[in-house]
Amino acid sequence: MKRELGDLALFGGRANFLQPLLVGRPNPIDRSRLFDRLTWALDNQWLTNGGPLAQEFEKRVADLAGVRNCVATCNATVALQLLVHAAELTGEVIMPALTFAATAHAVRWLGLEPVFCDVDPLTGCVDPERVRAAITPRTSAIFGVHLWGRPCDVDGLEELAAEAGIRLFFDAAHAFGSTSAGRPVGRFGDAEVFSFHATKVVNSFEGGAVVTDDDELAHRVRSLHNFGLGLEEVSSAGGTNAKMSEASAAMGLTSLDVFEEVVRHNKSNYEHYRTELSGVPGVAVFAFDENERNNYQYLVVQIDEEVTGLHRDLLLRLLRAENVVAQPYFSPACHQLEPYRSRRNAHLPHTERLSARVIALPTGSTVSREDIRRVCDIVRLAATRGAELTARWRQAHSSDQPTALLMQDISEWKRVG
C-alpha cells in the first residue's frame, strides 16, 4: 500500500504493477471451443461470404437485441458507413462530440457533414434539446451515441426525429447487452450499430453489425456489404466488401458464450471501485441506472481539479508510472480534433468539461478485486494530497502548466490501450 507521495513511481518509488494493467484488455474465452469452431470451418471449407458461423452469430446477436435483422460486418466503422449509404443520407448528420472519432469519420468519409452538439452534463449522452437547436434544412439524420454503455435519451430523440421527419440511428458500440426502459439496445430508432472490436465486451477479433427491424433497410445494408449484389437499383457507391469472415464469427460466438459471465465480473468490479472510491472528495465514479441492465464494460471516473488540486492529466501520468494504463475517454472531444476543429468553431461547454475530467480505469475479466484495491489506493492518495502532489511535480519539472507536458503522452496512452 502506498501511503506517502515518495512511494509513488512518479517520484522514484517502485511501480505498483509488474505488468501493465490495461483498459480494454480482451476477456478470456474457452480456446478449445474457438479452435473447434475454426477446425469445423476449415473442414467445411466455407471461410467467408456469409458462412454458417456468421449466420449463427447474426441470429444470436439479433435475438439478444430483440430485432429481426442483423448484418454482421468486418468492423463497426464500415457498418456505420453502410448504414449511411443504405439510408441514402445527404447533407448534415447531427451527433454528440463526446464520442470516438469513428462516429464522425464514418460520416465525413462519405462526403456528409458531421454537426456536433452538446451533451447532458450528468449522463454525457447527447441532449435532445441541443439536437433540436442544431437541425437545419440540410439535416438528414441524427446519430445518438450510447456513451460508456449508458443508453441516451431514446424516447426524446425518437420523438424529435419523428417531428422533424429525419432518420434516427444509434452508435451502440459501447452498449451491447444494455437496456433502456427495460428494452434491449439494438431496437431503437431506424437502426443501431454494434462494435465487436477486440476491446469490447463481446469481440470477434474485429467486427461490427447493423441491427434493425426495418427489413428493407437491412436488405440494402446486406447487399451493399457484398458489392451491392441483390439490389435491383444499386446505389451510386456500388457497394463494398464488408463481410464478416468465419474466423471472426467463430471468435464472436465463443465470446458470446461467456458474455453473461463477463458481465457479472464487470458488475462486481464496478461495485468494488465504487466502494473503494466512495467518500474521496473530488472523485466520482460514473454511475449506471441500477434498474437497467448494463454490460459494465467501462469504469469511468470524474476528477474535479477544483476539489482535489489534481489535474486529470497528471493523474493519468501518475497511474501510467505505476503501470496502470488508464485512458482519457474521450479527450479531446471530436469537435476539438482535426479535421473538425478548423471547419466549425463550436463551443460545447458540457462536452468540454466532461472531456477534460474523465478517465477510464481498467476493468474486465482479467482485473481482480486486489488489482482494483491497489489502483484505488493510488487514486485515493493522489486525490487527497493533490495540491501537494501537483506542487512537487511542478517543482521537479520547472513548469506551472502540467497539461503542456502531459499532452505529449496521451497519443501513446491511446495507442497502448
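This one's a predicted model, so the numbers in the text were calculated from it and none came from an experiment.
- In this structure, the side-chain contact (heavy atoms from CB on, under 4.5 Å) partners of Cys74, at least two apart in sequence or on a different chain, are Val78, Ala242.
- Side-chain contact between Leu318 and Leu8 is present, with at least one heavy-atom pair separated by less than 4.5 Å.
- A distance-only check finds no donor-acceptor pair linking the side chain of Asn226 to the backbone of Leu229 [under 3.5 Å].
- Note that Arg392 lies in the cation-pi zone of Phe11, set by a 6.0 Å cut-off to the ring centre and a 45° limit from the axis.
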Could you walk me through whether Val210 and Phe194 pass the side-chain contact (heavy atoms from CB on, under 4.5 Å) check? CA-CA 7 Å; Val210 177; Phe194 289 130; over 6 Å; no

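- Remark: the Lys243 side chain and the Asn241 side chain contain an N/O donor-acceptor pair separated by less than 3.5 Å.
- Taking the charged nitrogens against the carboxylate oxygens, Lys2 and Glu322 do have a contact shorter than 4.0 Å, which makes a salt bridge.
- Remark: Leu5 CG to Leu389 CG distance equals 5.0 Å, nearest 0.5 Å.
- Looking at every heavy atom in both residues, Val115 comes nearest to Ala134 through CG1-CB, 4.3 Å.
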Which pairs would a plain distance check flag for residues 90-97, meaning a side-chain donor or acceptor within less than 3.5 Å of a matching protein atom at least two apart in sequence or in another chain?
from, atom 1, to, atom 2, distance (Å)
Glu92, OE1, Thr136, OG1, 2.9
Glu92, OE2, Arg138, NH1, 3.2
Glu92, OE2, Arg344, NH2, 3.4

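- Taking a 6.0 Å sphere around CD of Glu271, one finds it holds more than 12 heavy atoms contributed by other residues, nucleotides or ligands.
- By the ring-ring contact (aromatic ring centres under 6.0 Å, His included) test, Tyr270 is found to be paired with Phe288, Tyr296, residues two or more places apart in sequence or in another chain being considered.
- Side chains of Leu147 and Cys125 form a contact here, defined as non-hydrogen atoms less than 4.5 Å apart.
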Apply the test side-chain contact (heavy atoms from CB on, under 4.5 Å) to residues Cys70 and Val61: give CA-CA distance (whole Å), side-chain angles for both, the deciding distance (0.1 Å), then the verdict. CA-CA 7 Å; Cys70 170; Val61 169; 3.8 Å; yes

Distance-only criterion, 3.5 Å: show the donor-acceptor pairs between side-chain atoms of residues 99-106 and protein atoms not counting sequence neighbours.
from, atom 1, to, atom 2, distance (Å)
Thr99, OG1, Thr103, OG1, 2.9
Thr103, OG1, Phe100, O, 3.3
Thr103, OG1, Asp171, OD2, 2.7
His105, ND1, Tyr340, OH, 2.7

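- Two residues are said to be in side-chain contact when any heavy atoms from C-beta on lie closer than 4.5 Å; Gln336 and Ser331 fail this criterion.
- Using a 4.5 Å heavy-atom threshold, the side chains of Ile378 and Leu319 count as touching.
- In this structure, CZ on Arg380 lies 6.5 Å from CG on Leu277, to the nearest 0.5 angstrom.
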Would you check, one step at a time, whether the test ring pair (Phe, Tyr, Trp, His ring centres under 6.0 Å) holds for Trp148 with Phe286? CA-CA 9 Å; Trp148 305 318; Phe286 183 82; 5.0 Å; yes

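- For His335, there are no ring-ring contact (aromatic ring centres under 6.0 Å, His included) partners at least two apart in sequence or on another chain.
- Across every non-hydrogen atom of Arg312 and Pro328, the tightest pair is NH1-CB, 3.8 Å.
- Counting heavy atoms from C-beta outward, Trp393 and Leu10 have side chains that approach closer than 4.5 Å.
- No hydrogens or angles considered: a donor-acceptor pair under 3.5 Å links the side chains of Ser368 and Asp371.
- The structure places OH of Tyr329 at 12.0 Å from CD1 of Ile359, a figure rounded to the nearest 0.5 Å.
- The CG atom of Asn294 lies 11.5 Å from the OG atom of Ser180; values are rounded to the nearest 0.5 Å.
- Val301 has its side chain within reach of Ile303: a pair of non-hydrogen atoms, C-beta onward, lies under 4.5 Å apart.
- Under the side-chain contact (heavy atoms from CB on, under 4.5 Å) criterion, Glu261 pairs with Val258, Arg264, not counting sequence neighbours.
- Using a cutoff of 4.0 Å between basic side-chain nitrogens and carboxylate oxygens, Arg150 and Asp120 are not scored as salt-bridged.
- Evaluation of the side-chain contact (heavy atoms from CB on, under 4.5 Å) rule for Asn69 yields Thr212, Asp215, Ala218 as partners, not counting sequence neighbours.
- Smallest separation of non-hydrogen atoms from Thr199 and Gln297: O-NE2, 3.6 Å.
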Evaluate the side-chain contact (heavy atoms from CB on, under 4.5 Å) criterion for residues Arg183 and Glu292: first the C-alpha distance (whole Å), next the side-chain angles of each, then the deciding distance (0.1 Å), finally the verdict. CA-CA 9 Å; Arg183 298 179 296 164; Glu292 299 289 352; over 6 Å; no

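- Applying the salt bridge (charged side-chain N to carboxylate O under 4.0 Å, His left out) rule to Arg187 yields no partners; only residues at least two apart in sequence or on another chain are considered.
- Annotation: side chain of Leu316 is not in contact with side chain of Arg320 (no heavy-atom distance under 4.5 Å).
- Side-chain atoms of Thr308 never come within 3.5 Å of backbone atoms of Gly282 as a donor-acceptor pair (strictly under, hydrogens ignored).
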Does the pair Glu58 and Arg222 meet the rule for a salt bridge (charged side-chain N to carboxylate O under 4.0 Å, His left out), with working shown? CA-CA 12 Å; Glu58 288 178 339; Arg222 186 173 298 282; 3.3 Å; yes

Please step through side-chain contact (heavy atoms from CB on, under 4.5 Å) for the pair Leu21 and Asn323, ending with a clear verdict. CA-CA 6 Å; Leu21 196 66; Asn323 250 347; over 6 Å; no

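- Here the closest heavy-atom approach between residue Ala54 and residue Glu246 is recorded as N-OE1, 2.9 Å.
- Without hydrogens or angle criteria, Thr240 side chain to His225 main chain gives no donor-acceptor distance under 3.5 Å.
- More than 12 heavy atoms of other residues, nucleotides or ligands lie within 6.0 Å of CZ in Arg68, so this atom counts as buried by the packing criterion.
- Side-chain contact check for His197 and Ser195: no donor-acceptor pair (N or O, by modelled atom type) lies under 3.5 Å.
- Using a 30° and 60° split on the angle between ring planes, Tyr298 and His174 fall in the tilted class, from 30° to 60°.
- Crowding of Arg353 atom CZ: a count of heavy atoms from other residues, nucleotides or ligands under 6.0 Å not exceeding 12.
- Scanning for side chain to side chain donor-acceptor pair (under 3.5 Å) contacts around Gln55 gives an empty result, with sequence neighbours left out.
- Using a cut-off of 4.0 Å between Lys/Arg side-chain N and Asp/Glu carboxylate O, Lys59 and Glu56 are scored as not salt-bridged.
- Glu338 meets the side-chain contact (heavy atoms from CB on, under 4.5 Å) test with Arg341, Ser342; sequence neighbours excluded.
- In this structure, CG in Leu34 is found 10.0 Å from OG in Ser255, a value given to the nearest 0.5 Å.
- To the nearest 0.5 Å, atoms CZ (Arg394) and NE2 (His311) are separated by 9.0 Å.
- Scored by the side chain to side chain donor-acceptor pair (under 3.5 Å) test, Arg373 finds Glu370, Asp377 as partners (sequence neighbours excluded).
- For Phe196, the ring-ring contact (aromatic ring centres under 6.0 Å, His included) partners at least two apart in sequence or on another chain are Phe57, Phe176.
- Residues Val193 and Leu82 form no side-chain contact, since every pair of their non-hydrogen atoms from C-beta on lies 4.5 Å or further apart.
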